[in-house]
Amino acid sequence: MDRGNAIRLHPADNVATALADIQAGELAEVLDKTAACSSLPALDPIPFGHKLAVALIRRGEHILKYGESIGIATQDIRPGNHVHIHNLDSTRGRGDLGEGKRGI
């Protein structure tokens, strides 16, 4: 495998984006902007372009990508878990949430 199959876009991010399909049990090698690489085992299959947690995210905590909140965890998410609509409540582009209720 080439070095890095996922990228973390901002130092504050608690998720990385898969640069290729990552199988459950496969080692996710996460690059950051400085080209530093860390690794963790994928606990779920992570499709190309999807997010995986790189830190423990407790239910109700913000999910951070690009250094910004993209939503709230609906359950505890362990490092290596797939992060998607099954465990993320998006706070972006929702007309039902007024300013100040988006959690950002």
Interatomic spacing from NZ in Lys51 to CG in Leu88 - rounded to 0.5 Å: 6.0 Å
Non-hydrogen atoms of Ala16 and Ala6 that approach each other most closely: CB-CB, 4.2 Å
Verify the cluster assignment for Val15 and Val30: are they in a single hydrophobic cluster under the rule of side-chain heavy atoms below 4.5 Å apart? no
Quick check: closest heavy atoms across Pro79 and Leu43, and the distance to 0.1 Å? O-CD1, 3.3 Å
State, yes or no, whether a side-chain contact exists between Ile63 and Ile77 at a heavy-atom distance under 4.5 Å. yes
Distance-only, no hydrogens or angles: does the Asp44 side chain make a donor-acceptor pair with backbone N or O of Leu52 under 3.5 Å? no
Determine whether a donor-acceptor pair (N or O, by modelled atom type, separation under 3.5 Å) exists between the side chain of Arg8 and the backbone of Asp13. yes
Going from CD1 on Ile57 to CD1 on Ile72, what distance comes out if it is rounded to the nearest 0.5 angstrom? 10.5 Å
Identify, with sequence neighbours excluded, every residue that meets side-chain contact (heavy atoms from CB on, under 4.5 Å) alongside Thr74. Asn87, Asp89
From Asn5 CG over to Gln23 CD, what is the distance, rounded to the nearest 0.5 angstrom? 10.5 Å
Classify the ring geometry of His82 against His84: parallel below 30°, tilted from 30° to 60°, perpendicular beyond 60°. parallel
Side-chain contact, heavy-atom cut-off 4.5 Å: Glu26 with Ile46? no
In terms of heavy-atom contacts, Pro47 and Pro45 come closest through CD-O, 3.7 Å
Under a 3.5 Å distance rule, please check whether His62 uses its side chain to pair with a backbone N or O of Leu64 as donor and acceptor. no
Between Asp76 and Arg59, is there a side-chain N and carboxylate O pair less than 4.0 Å apart? no
Tell me, do Val83 and Lys65 make a side-chain contact under 4.5 Å, heavy atoms counted? no
Any sub-3.5 Å donor-acceptor pair from Asp21's side-chain atoms to Phe48's backbone N or O? yes
Can you find a heavy atom in the side chain of Leu31 that is under 4.5 Å from one in the side chain of Cys37? yes
Report yes or no: do Leu56 and Leu40 belong to one cluster of Ile/Leu/Val/Met/Phe/Trp/Tyr joined by side chain heavy-atom distances under 4.5 Å? no
